[in-house]
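Inspection log for the structure reproduced underneath, given as structure tokens.
Chain identifiers are assigned alphabetically (A, B, ...) following the order of the sequence lines, protein sequences preceding nucleic acid strands; residue numbering begins at 1 within each chain. Just so you know, these numbers use all the heavy atoms, side chains as well, and skip hydrogens, waters and symmetry mates.
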Amino acid sequence: MFFSVKSTFILFTTVTDKVKKLFIFLIVLMASEAVHAQLQIEIISGNPSALPIAIVPFQWEDATPPPINSMDEIISGDLYRSGLFDPMDTADMMERPVDEESIRFGTWRLLKVDYLLIGSVRTPADGQGHELIYQLFDVHTRERLLSQITTVGPGDLRYGAHRVADAIYQTLTGVPGAFATRIAYITATGFGADLRYELVVSDADGFGPQSVVGSPEPLLSPAWSPDGKKLAYVSFEKGNSAIYLQDVATGSRELISGGKGINGAPSFSPDGRKMAMTLSRTGNPEIYIREMATGRLTQLTQHWAIDTEPVWAPDGKYIYFTSDRGGKPQIYRVAPTGGKPERVTLEGDYNARASIAPDGRRIAVAHGRGNEYRIAIWDIETERFTILTPGVLDESPSFAPNGSMVLYATREGTRGVLSAVSADGSVRQRLILSEGDVREPAWSLVIR
Amino acid sequence: MKKVWQLTLAMIIALALTACQTTPEVVPEPTPEPAPEPPTEVVTQAAPDPHDYTDSRNLDNPESMLSKRIIYFDFDKSTVLPEFRGIVSAHAAYAASHSSARVTLEGHADERGTREYNLGLGERRGNAVMALMSAQGAMGSQMVVGSYGEERPTCRVSDEYCWSQNRRVEIVYTAQ
């Protein structure tokens, strides 16, 4: 039977006390005016084999007093969350060099650090915003691996720190970073008549939340346009489900689909010219493709089963979707031009809502067994599952644009929260909005 | 889930029994004094026959199947279970006898599984009730299926009891 499970479950109990001590930290955010919420970040587990790196606190040479004094913490937090780095706690740093001449590489070698980042912040010549000047060194060869200046606008220091983390990530892994990106998610706050849903956009680490749209009726299934400028989502504001497309910056929006039955699960093609969606205009959920320029609609699937949650492969060659045509929900794929769908996930009772890794070889799914739902990655080539999260009601996986992490929705008691897990399962981090129920994260593909 | 069926079955039997009694408040204990006859006879004449599903007064009569509007389902299933077919039949009979009646069949799912799949599941449950009502004389034009998936739970605890309450189709009259 195909329900036998050979999945690997990664245990999270192997964190050393040292790693815990070093990286359990709480950052309280100045709540944005749009979303009155505080955000906590907590490291849940660690990866002992990650690259040791020291991010020395930045020297502040700016004319104005620092609005944030945690550039190094933001950078360290980003790198840590990816699972590939083991940043040093600043409290354990014996010295804080500000230029190449003052680095004593022997000391850092003794502290078992492989890479060292030093930097400063100053006001640019035109007096606008900030300049981040930073250098990355290989402690063993003393080689300078990176020397860069990043200029950001006023109030964009956190974004600047994410850019620095991206530069380090790319230099040391060869893969572009994805820290200076944005995520979208849905929140539900209040009860009864005060129940309110919001579509929120924030930085990839959960900071800087801004409400894009609010409604007393359910909102769900946010999906970014590939250029990161628009969000498609499903709203019940008219009583029935309808798909809207909204410009994040201007707030202007258009109704994409609001006919009889279900209008759900929007997903853009990689070139942004088409949108796949689920419509049940025939009385049964089928996948359709809409040409965005003309509005022309093509039906892609035709089956009595529930066909939904379409998502495009990064190369555009397949549309992956959830279908229970085999009796239980599994992931299938079909060419966007049509044809006979083929089953992709071959194990497990319940696999749904696929997110495709940028390499196109792995898919993250909500993987259900009994009453437990976890995030798992199905490797298309080796046909094996790796279970990433402990459950029990984990869903809505969304791959980082560089494939390094998966964002997902999980539960704490009766409340929904978002967590990020490194793609190898070694590091999990929780992003919590202290108010309400948080769900359905969607990771934008573009650097902000 | 089993508990709910048993409870519902017990309620249906209880209703059938009370329907045969002369007053709704009859206590099944032997009473020394016989109840006064004339006033109860007046009441029984005024009250609608709870089994007459063409009588619109039964829509609000707790003794009639017509007053029940919720059909419950098994996990990831859309089969109308035998214990709920009586309710569906009652509403089908009412719709068949009142051409102006309109109903929305709102399908719902429990929180387990993904939101979009559950939208599909809610719709499938609504369709199952609609098919049964159609087979018993309701017109297709009288019924609309809507799905809220897992978005409108009536019970918010993550346990079997709450899940069983949330997997449902609600029969909502938009016109009687």
Side-chain angles (χ1 to χ4, degrees), chain A residues 186 188 191 195 197 217-221 234 236 239-241 260-266 277-278 280 283-286 304-310 321-324 327-329 349-354 365-366 368 370-373 392-393 395-397 409 411 413-416 437 439-440, chain B residues 1 73-79 102-134 140-141 143-164 166-167 170 172 174:
Chain A
I186 305 288
F191 294 97
L195 187 60
Y197 298 84
E217 301 299 330
L219 297 173
L220 63 159
S221 304
V234 175
F236 278 83
N240 188 27
S241 54
K260 173 176 157 286
I262 295 168
N263 299 273
M277 61 184 77
T278 300
S280 66
N284 181 56
E286 305 286 3
W304 54 264
I306 294 173
D307 291 336
T308 188
E309 299 170 338
F321 63 99
T322 307
S323 176
D324 70 339
K328 293 186 176 183
D349 290 351
Y350 194 116
N351 293 301
R353 187 146 190 195
V365 295
N371 285 340
E372 299 198 329
Y373 290 78
V392 295
L393 285 171
E395 58 180 50
S396 299
R411 297 291 291 271
T414 58
R415 186 170 68 149
D437 200 35
R439 51 176 83 149
E440 296 200 284
Chain B
M1 192 60 217
F73 292 82
D74 282 347
F75 174 65
D76 200 22
K77 293 284 184 292
S78 57
T79 311
R102 296 286 181 275
V103 294
T104 300
L105 305 169
E106 286 184 3
H108 300 264
D110 71 34
E111 65 179 346
R112 291 174 292 171
T114 60
R115 290 175 183 276
E116 289 283 357
Y117 180 80
N118 282 338
L119 270 187
L121 192 54
E123 182 178 73
R124 185 186 275 174
R125 286 172 177 156
N127 284 340
V129 172
M130 185 165 78
L132 206 54
M133 285 180 70
S134 289
S141 58
M143 299 175 284
V144 176
V145 171
S147 178
Y148 283 104
E150 63 179 276
E151 309 304 325
R152 288 189 189 279
T154 56
C155 187
R156 291 182 177 273
V157 180
S158 296
D159 64 15
E160 290 289 350
Y161 174 74
C162 262
W163 291 332
S164 73
N166 291 335
R167 293 188 300 266
E170 294 189 13
V172 178
T174 52

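Chain B forms more heavy-atom pairs under 4.5 Å with one residue of A:A352, A:G264, A:P285, A:A265 than with any other, namely A:A265.
Of the atoms belonging to A:T322, it is side-chain heavy atoms, and not backbone ones, that fall under 4.5 Å from chain B. Proximity to chain A (any heavy atom under 4.5 Å) is restricted, for B:R124, to the side chain, taken from C-beta onward. With a threshold of 4.5 angstrom between heavy atoms, A:I262 approaches chain B through its backbone and through its side chain. Residue contact with chain A, scored on non-hydrogen atoms closer than 4.5 Å, involves the side chain of B:S158 exclusively. Looking at A:D307, there are no atoms closer than 4.5 Å to chain B (heavy atoms on both sides), in backbone or side chain. With a threshold of 4.5 angstrom between heavy atoms, A:A366 approaches chain B through side-chain atoms but not through N, CA, C or O.
Here CZ of B:R152 is found 8.0 Å from CZ of A:F236. Values are rounded to the nearest 0.5 Å.
Between the side chain of B:N127 and the backbone N or O of A:G283, at least one donor-acceptor pair lies under 3.5 Å. Of the possible polar contacts, none joining the B:E116 side chain to the A:T308 backbone as a donor-acceptor pair under 3.5 Å is found.
For the salt bridge (Lys or Arg N to Asp or Glu O under 4.0 Å) test, residues two or more places apart in sequence or in another chain that qualify with A:E395 are B:R115. Annotation: side-chain contact (heavy atoms from CB on, under 4.5 Å) contacts of B:N166 (sequence neighbours excluded): B:D110, B:P153, B:T154, B:C155, B:R168.
The aromatic rings of B:F75 and A:Y350 lie parallel to each other, their planes meeting at an angle below 30°, with 60° marking the opposite boundary.
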